[in-house]
Amino acid sequence: IALAIATFLKQVAATVCINGTSSIYGSSLRYRDINIPGLPYSAERALMTDFGAMRWYSLFEDPRASGNQNCMLPMERAQGHILFVVGGKDAIYNSKLYADEALARLKSHGKNNGQILFYPGAGHLIEPPGSPFCLMSHPPIFPLPMMWGGEMVAHSMAQEHSWPKIQSFLQRHLGVECHRRSKL
């Protein structure tokens, strides 16, 4: 959702996309006269782990395939800066592929407003530092638990490293002081 908003609303100055996709998946996205179809998927490709959790990594088709190019967000329309925070062990999406594709699309249109922070051992749920590592959980909208992926130590280190980088990025592009001390 964040990338779609950044793509179509010129007033968006900065976006942080944590393990998101640069394609529309599932349902179509319609904005004004633009209709972007959802990336095809096959529910049969969802994997079940030994823990009984769903792993979606292989669910969606490759967005680079010739028939799927129209499912990609037109990232070149984004006016603001975009920071992609990507976990290499994301069990939901191939987040690195989506971020690389978005960055390549920006660069192919002469834009340099995107950057990637890549954490090879991190999973899908990269959150603020001190947040517990969550390998899997059971979101209420799904019938089974979801596998989020990641290695505990590497994921926790990614959370510690990415948080000040995210704050710095937002401060630089929004002009907002992000380093205020909490009163808690």
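Of all heavy-atom pairs spanning Ile126 and Ser162, the tightest one is CG2-OG, 3.7 Å. In this structure, Pro145 and Gly52 approach most closely via the heavy-atom pair CD-O, 3.7 Å. Here the closest heavy-atom approach between residue Tyr119 and residue Ala158 is recorded as CG-CB, 3.4 Å. For the pair Pro74 and Ile36, the tightest heavy-atom approach, listed with the atom from each and the gap, is CD-CD1, 3.6 Å. Listed here is the closest heavy atom pair of Phe133 and Gly150: CZ-O, 3.4 Å. When all heavy atoms of Gln159 and Pro128 are compared, the pair lying nearest together is NE2-O, 3.8 Å.
The side-chain heavy atoms of Asn70 and Pro37, taken from C-beta on, include a pair separated by under 4.5 Å. With contacts defined as side-chain heavy-atom distances shorter than 4.5 Å, the pair Met146/Trp56 qualifies. Within the 4.5 Å cutoff, side-chain heavy atoms of Arg77 are placed close to those of Ile34. Inter-residue side-chain proximity for Met75 and Thr7 is flagged as met; some heavy-atom pair is nearer than 4.5 Å. Under the 4.5 Å side-chain criterion, counting only non-hydrogen atoms from C-beta, Ser131 is not in contact with Ser156. Side-chain contact between Leu97 and Asp62 is present, with at least one heavy-atom pair separated by less than 4.5 Å. A 4.5 Å side-chain heavy-atom check between Ile166 and Leu83 finds at least one atom pair inside the cut-off. Counting heavy atoms from C-beta on, the side chains of Leu106 and Asn113 come closer than 4.5 Å.
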Yes or no on side chain to side chain contact (heavy atoms under 4.5 Å, CB included) for Leu117 and Val86, after CA distance, side-chain angles and deciding distance? CA-CA 6 Å; Leu117 289 178; Val86 177; over 6 Å; no

Please step through salt bridge (charged side-chain N to carboxylate O under 4.0 Å, His left out) for the pair Glu151 and Lys89, ending with a clear verdict. CA-CA 8 Å; Glu151 300 163 357; Lys89 298 277 181 158; 3.2 Å; yes

Apply side chain to side chain contact (heavy atoms under 4.5 Å, CB included) to residues Leu170 and Val16 and explain how you reach the verdict. CA-CA 8 Å; Leu170 292 173; Val16 177; 4.0 Å; yes

Do Met157 and Val153 pass the side chain to side chain contact (heavy atoms under 4.5 Å, CB included) test, and can you show the C-alpha distance, the side-chain angles, and the key distance before you say yes or no? CA-CA 6 Å; Met157 290 175 69; Val153 172; 3.8 Å; yes

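Note that NZ of Lys107 is 9.0 Å distant from CG of Asp100, once rounded to the nearest 0.5 Å. Rounding to the nearest 0.5 Å gives a distance of 4.0 Å between CZ of Arg105 and CD of Glu76. Going from atom CG of Leu103 over to atom CD1 of Ile116 covers 4.5 Å, rounded to the nearest 0.5 Å. Atom CG of Leu59 and atom OG of Ser42 lie 7.5 Å apart (nearest 0.5 Å). To the nearest 0.5 Å, atoms CD (Glu127) and SG (Cys134) are separated by 7.5 Å. To the nearest 0.5 Å, atom OH of residue Tyr57 and atom OG of residue Ser95 are 8.0 Å apart.
A donor-acceptor contact shorter than 3.5 Å is absent between the side chain of Ser23 and the backbone of Tyr25. Of the possible donor and acceptor atoms, none in the side chain of His161 sits under 3.5 Å from a partner among the backbone N and O of Lys165. A distance-only check finds a donor-acceptor pair linking the side chain of His155 to the backbone of Leu125 [under 3.5 Å].
Taking hydrophobic clusters as Ile, Leu, Val, Met, Phe, Trp and Tyr residues chained together by side-chain heavy-atom distances below 4.5 Å, Met48 does not share a cluster with Met147. Two different hydrophobic clusters hold Leu174 and Val12 under the rule that ILVMFWY side chains link at heavy-atom gaps under 4.5 Å. When the side chains of ILVMFWY residues are joined at heavy-atom separations under 4.5 Å, either directly or via intervening members, Ile24 and Leu9 end up in a single hydrophobic cluster. Leu135 and Met54 fall into different hydrophobic clusters, defined by Ile, Leu, Val, Met, Phe, Trp and Tyr side-chain heavy atoms under 4.5 Å apart, directly or through other members. Follow the hydrophobic side-chain contacts under 4.5 Å out from Ile1 and you reach Phe8 in the same cluster.
Open room surrounds OH on Tyr41; 12 or fewer heavy atoms of other groups in view lie less than 6.0 Å from it.
Taking the six-membered ring for Trp and thresholds of 30 and 60 degrees, Tyr98 and Tyr93 have ring planes more than 60 degrees apart, a perpendicular arrangement.
Listed by chain and number, the residues in a ring-ring contact (aromatic ring centres under 6.0 Å, His included) with Trp163 amount to none (sequence neighbours excluded).
Taking the six-membered ring wherever Trp is involved, the centroid distance between the rings of Phe169 and His173 falls below 6.0 Å. If you look at Phe118 and Phe84, their ring centroids are not closer than 6.0 Å.
Screening residues 44-56 for salt bridge (Lys or Arg N to Asp or Glu O under 4.0 Å) gives no qualifying pairs among residues at least two apart or on separate chains.
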